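Structure first, commentary second.
Residue numbering restarts at 1 for every chain, and letters A, B, ... go by the order of the sequence lines. Note that the structure is a prediction, hence the values are computed from the model and not measured.
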There are 2 protein chains.
Amino acid sequence: MTFNFPAKYKGIILYGISLALILILLKWIEWQFIIVDNLFEIYAGIIAVIFTSLGIWLATRLSKPKTVVIEKQVIVRDTEFILNEAMMNELGISRRELEVLQLMASGLSNQQIADRLFVSLNTVKTHSSNLFGKLDVKRRTQAIEKAKRLKLLP
Amino acid sequence: MTFNFPAKYKGIILYGISLALILILLKWIEWQFIIVDNLFEIYAGIIAVIFTSLGIWLATRLSKPKTVVIEKQVIVRDTEFILNEAMMNELGISRRELEVLQLMASGLSNQQIADRLFVSLNTVKTHSSNLFGKLDVKRRTQAIEKAKRLKLLP
DNA sequence: TTTACCGTCATACTTTAGGGTGATTTGCAA
DNA sequence: TTGCAAATCACCCTAAAGTATGACGGTAAA
């Protein structure tokens, strides 16, 4: 049969046992000195030392630690991009047109975009032209700038 | 005539005086109880209580406070732009070239940039051409993309 | 003072971008 | 089936962008 006390009673039990041991010790010392009469002050001194120690020990054990909260700033780049699909639909921008827009923004020429998408240069021109109309801009740099504002590009 | 002890001796003097007072108190208690014989244990108990208190008091005064440091992470979104001047110098990009770059990124044509800066179209072309060389790119869209990566543009 | 770079402008030329129009194919929905 | 939008491509033409080279005045460092 084993007893399983919760951890929070452990401390209390320890203090109780310690106190009991000190009392036994004191009783023993009393026995030693009771023979020699008037050595009263020595006994008192020992008690004083023991209980001062007990007080110090108790204080260090029971004192609540001060908690110091240090705020550490973690700078996070706003990296998350959510495509504004509502705006996509509102402006009637097709999937392919968005693809062309993305490649344009990465700095590719129309010819490079055409090669990347396996279509002709004319097709890319058509897409970009339609795109400019829908975005109401005149140049690709403007399109990129506006698309970023409208959250169509990161 | 005034004495000016350094502050660090103040504590020691205080403890000394306190100890002296306690001893006087104990002596007085001893006087009270010495009349009634065999009330030895009451005296011991009082000493125990006083010195336990003294120990606790000493410990709280003398012990360094226990500190538990809790680091709290505060997420700060990086929204402000700081121009990478080191990169500017490294690439040898001039102030005027950066101006042209900024206006290019806002979607303006070379002519519009020229008008904005009160210079000729040719001057803008020269600046942008030099800029492309320094950024090692071939097109303005590429320049904008790279400049943003290098923190030369927001 | 000489060097070197910046900013300015010009001229000539090439390349790329952009506009307009029209045509074909495909897939989806009325 | 018809109609429509998306995607594809072609041709022609203009506008803008980009390259190369040279020139000139100002300023700051060597």
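- Between B/Leu121 atom CG and C/dT8 atom P the separation is 14 Å, expressed in whole Å.
- Transitive grouping of hydrophobic side chains (ILVMFWY, heavy atoms separated by less than 4.5 Å) brings B/Leu108 and B/Phe132 into a common cluster.
- Remark: B/Leu83 pairs with B/Phe81, B/Glu85, B/Met88, B/Leu98 by the side-chain contact (heavy atoms from CB on, under 4.5 Å) rule, at least two apart or across chains.
- Using a 4.5 Å cut-off on side-chain heavy atoms (C-beta onward), B/Arg140 and B/Asn110 make contact.
- Taking five base pairs at each end of the helix from C/dT1-D/dA30 to C/dA30-D/dT1, the local helix axes there meet at an angle of 40°, rounded to 10°.
- Rounded to an integer number of Å, the gap from CZ of B/Phe118 to P of C/dC9 is 12 Å.
- Taking Ile, Leu, Val, Met, Phe, Trp and Tyr as hydrophobic and joining them when side-chain heavy atoms fall under 4.5 Å apart, one finds A/Ile70 in a cluster with A/Val68, B/Val69.
- Taking 4.0 Å as the cutoff to heavy atoms of chain B, we find the contact window on DNA chain D bounded by D/dA17 to D/dT19.
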Contacts under 3.5 angstrom, residues 143-154 of chain A side chains, donor-acceptor by atom type, not counting sequence neighbours:
from: A/Glu145; atom 1: OE1; to: A/Arg149; atom 2: NH1; distance (Å): 2.7
from: A/Glu145; atom 1: OE2; to: A/Arg149; atom 2: NH1; distance (Å): 3.0
from: A/Lys146; atom 1: NZ; to: A/Leu135; atom 2: O; distance (Å): 3.2

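- For the segment residues 85-117 of chain A, the set of residues with a heavy atom within less than 4.0 Å of an atom of DNA chain C comprises A/Ser109, A/Asn110, in numerical order.
- A continuous path of ILVMFWY side-chain contacts below 4.5 Å connects A/Met104 to A/Met87, so both sit in one hydrophobic cluster.
- Spacing between atom CG of A/Asn130 and atom P of C/dT21 amounts to 13 Å, rounded to whole angstrom units.
- In the region residues 136-143 of chain A, proximity to DNA chain C at under 4.0 angstrom, judged on heavy atoms, holds for A/Lys138, A/Arg139, A/Arg140.
- With sequence neighbours excluded, the residues that form a side-chain contact (heavy atoms from CB on, under 4.5 Å) with A/Asn122 are A/Ser120.
- Judged by distance alone, with hydrogens and angles left aside, the side-chain atoms of A/Lys134 form a donor-acceptor pair with the main-chain N or O of A/Gly92 at under 3.5 Å.
- Qualifying side-chain contact (heavy atoms from CB on, under 4.5 Å) partners for A/Arg95, counting only residues two or more places apart in sequence or in other chains: none.
- The stretch residues 102-123 of chain A participates, sequence neighbours left out, in no salt bridge (charged side-chain N to carboxylate O under 4.0 Å, His left out) pair at all.
- Each of B/Thr126 and B/Lys134 has a nearest nucleotide on DNA chain C; the 5'-most of these lies closest to B/Lys134.
- The CG atom of A/Asn122 sits 16 Å away from the P atom of C/dG20 (whole-angstrom rounding).
- Phosphate proximity of C/dG7 to B/Thr123: absent, as no side-chain N or O sits under 4.0 Å from OP1 or OP2.
- Contacts of A/Leu117 classified as side-chain contact (heavy atoms from CB on, under 4.5 Å), with partners at least two apart in sequence or in another chain: A/Arg96, A/Glu99, A/Val100, A/Leu103, A/Ile113, A/Val119.
- Evaluation of the side-chain hydrogen bond (donor to acceptor under 3.5 Å, both in side chains) rule for A/Ser94 yields A/Glu97 as partners, not counting sequence neighbours.
- Side-chain atoms of B/Ser109 and A/Arg139, non-hydrogen and from C-beta on, do get closer than 4.5 Å to each other.
- Distance, B/His127 NE2 to C/dC6 C1': 8 Å, rounded to whole Å.
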